[in-house]
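First the proteins, then the strands, lettered A, B, ... as listed; each starts at 1.
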Amino acid sequence: MKFTLQHKDPLSKARAAEIVTDHGVIHTPIFMPVGTAAAMKGIFHRDVKEEAKAQIILANTYHLYLRPGMDILEKAGGVHRFSTWEGPMLTDSGGFQVFSLADCRKLTEEGCHFRSHIDGSKHLFTPESVIDTERTIGADIMMAFDECPPGDAPRDYATKSLQLTERWLDRCFNRYHQTEPKYGHYQALFPIVQGCTYPDLRAHAAENVLQYKADGHAIGGLAVGEPTEVMYEMIEVVNAILPEDKPRYLMGVGTPSNILEGIERGVDMFDCVMPTRNGRNGQLFTWEGTINIRNKKWEDDFSPIDPSGTAFVDTLYSKAYLHHLVTCQEMLAAQIASLHNIAFYLRLVTAARQHIIAGDFKAWKDVAVTKLAKRL
RNA sequence: GUGGAUGUAGCUCAGUUGGUUAGAGUGACGGAUUGUGGUUCCGAAGGUCGUGGGUUCGAGACCCAUCUUCCACC
């Protein structure tokens, strides 16, 4: 995997770069749509690629491990061949899922015991087993197995959690170096910087991660309940330490404004369920602000969903029709809204990249953020 | 025609021996959702208790009449 820095914004930490993987090139800053079970809910991969212009998508280790299971993925020849997505992919380690299902987990030094949310069966994830699983899935970028503590974690818990995450990280990299890719393409492993909302813990975590000379670094454990300003502060602390010549990935973030603020602070990669999950619930993102298409006010608005949109759904369908589909809970509503939203998120980061290259990112961002936060 | 049931929020229904401001689910309305269980949560709105009399300090509840819908029997 090769990371090439192309442009740096003179007035901020924003940068434009290129990541080359064995499945293709990623231009950063980039947003990565989340396809948990190796599928973008309701959207054909063809449209994810051709209409939304996604360059890399996520899948989830926890979910693929439970269904269809690793025997099937191995027989399928990995997640790319199985799902027919031929572009770059990234797998989350399942750390977040294990911890977001807190009522059915038990944490030990060895790893995490948990019960399947599907059938209640018992399982154990360890740093080693997760790396093995991610090798079998075969994504271009694998994530380390970590603990993701809540946003309001007290300091003593945050400290212990970080120490465990760091011991697990060491075991992840040991296993990573002991194993080989199964399908003939390179797989990177990104460590995840934790530390909750404590600047010194974050700084320590960022320093600790450097020893692995990884292909890229992730910032995790943010947007989990802490104030937005605190999240930005943590990004600044961490990015001051993470190397400039490697991609930085802010996990699970966020709103369009969050993403632009992250880019300004030197983040290159983002993922979030917001465009797809909120789309299924009728929230549309636009340059002018967000639209709740369920609202009665749209029932007789026959203007296009997004006149400036580039996905075919944006100008083909009216707001009134989408309002009707959402009201009727038609599957098509979720499909249209999801495709619109991920297309918008990709246009958002593409615009950011163009403005970084043009040299006017900061001024553009300040104007864009105020509009994006509006509700229409 | 006779007998029996029924009527409470848009819809489906609770509502104790008569006792504070008549509740729930669902829908409709609005908000939330940040490394996805096609999810979940929150808020506010919504009532002439079929109608009219009566008994009572007090009636959604008891009595009378009447109307609605349903069932059974002639």
Side-chain angles (χ1 to χ4, degrees), chain A residues 31-43 56-64 66-67 89-101 103-104 114-120 130 134 139 141-151 165 190-194 217-228 230-232 235 249-259 261-262 267 269-283 285 290-299 323 325-335 337-338 341-342 345 375:
Chain A
F31 176 78
M32 308 181 283
V34 180
T36 303
M40 208 61 54
K41 293 185 193 302
I43 316 180
I56 170 172
I57 64 172
L58 256 70
N60 190 280
T61 299
Y62 170 86
H63 291 279
L64 292 179
L66 292 177
R67 283 190 305 211
M89 286 189 86
L90 180 150
T91 38
D92 184 23
S93 66
F96 187 82
Q97 283 62 46
V98 163
F99 298 110
S100 66
L101 302 167
D103 54 330
C104 53
F114 64 95
R115 284 181 178 275
S116 160
H117 68 278
I118 298 163
D119 61 5
V130 167
E134 293 193 270
I141 300 173
M142 312 190 292
M143 300 307 300
F145 187 57
D146 63 341
E147 183 189 359
C148 183
T165 286
F190 284 18
I192 302 170
V193 173
Q194 290 288 349
H217 305 93
I219 308 171
L222 290 177
V224 288
E226 80 286 356
T228 309
V230 173
M231 173 170 82
Y232 297 151
I235 296 169
Y249 165 28
L250 178 59
M251 306 187 74
V253 173
T255 65
S257 297
N258 290 160
I259 287 174
E261 297 290 350
V267 177
M269 305 164 70
F270 303 84
D271 80 280
C272 192
V273 302
M274 194 171 277
T276 40
R277 178 193 282 163
N278 289 24
R280 268 179 263 129
N281 278 307
Q283 185 176 25
F285 297 92
T290 59
I291 291 174
N292 185 345
I293 201 69
R294 282 181 311 181
N295 290 5
K296 196 171 179 58
K297 65 201 256 192
W298 305 114
E299 85 180 334
H323 170 86
L325 294 178
V326 169
T327 302
C328 296
Q329 297 183 307
E330 284 291 336
M331 286 189 288
L332 190 55
Q335 296 178 270
S338 297
N341 279 346
I342 63 168
Y345 266 61
R375 283 194 196 83

Considering only heavy atoms and no angle criterion, is a donor-acceptor pair shorter than 3.5 Å present between the side chain of A:Q283 and the base of B:G30?
no

At 4.0 Å (heavy atoms only), tell me whether A:G221 reaches a base, stays on the sugar-phosphate, or touches nothing.
base

Upstream residue (5' side of RNA chain B) when A:G94 and A:L332 are each assigned their closest nucleotide:
A:G94

Can you see if the side chain of A:R375 gets near the phosphate of B:A32 - specifically, an N or O under 4.0 Å from OP1 or OP2?
yes

Would you call the rings of A:F114 and A:Y62 parallel, tilted or perpendicular, where under 30° means parallel and over 60° means perpendicular?
tilted

Rounded distance (nearest 0.5 Å) linking atom CZ of A:F190 with atom OG of A:S93:
13.5 Å

Output the pairing pattern of RNA chain B as a dot-bracket string, 5' first, Watson-Crick or G-U wobble with both distances under 3.5 Å, | for cross-strand pairs, [ ] for crossing pairs.
(((((.(..((((.....[...))))..((((.......))))......(((((..]....)))))).))))).

Answer with yes or no whether A:N281 presents, from its side chain, a donor or acceptor under 3.5 Å of a partner atom in the base of B:G38.
no

Would you classify A:I192 as touching base, sugar-phosphate or nothing, given that sugar-phosphate means primed atoms plus P, OP1 and OP2, and contacts are heavy atoms under 4.0 Å?
base

Would you measure the distance from the C1' atom in B:U40 across to the matching atom in B:A72 and give it in whole Å?
49 Å

Need to verify one output field. Residue with the more 5' nearest nucleotide on RNA chain B, A:E330 or A:G254?
A:G254

To the nearest 0.5 Å, how far apart are CD1 in A:I291 and NZ in A:K297?
8.5 Å

Look at the side-chain N and O atoms of A:N278 and state whether any lies under 4.0 Å from the OP1 or OP2 oxygen of B:A32.
no

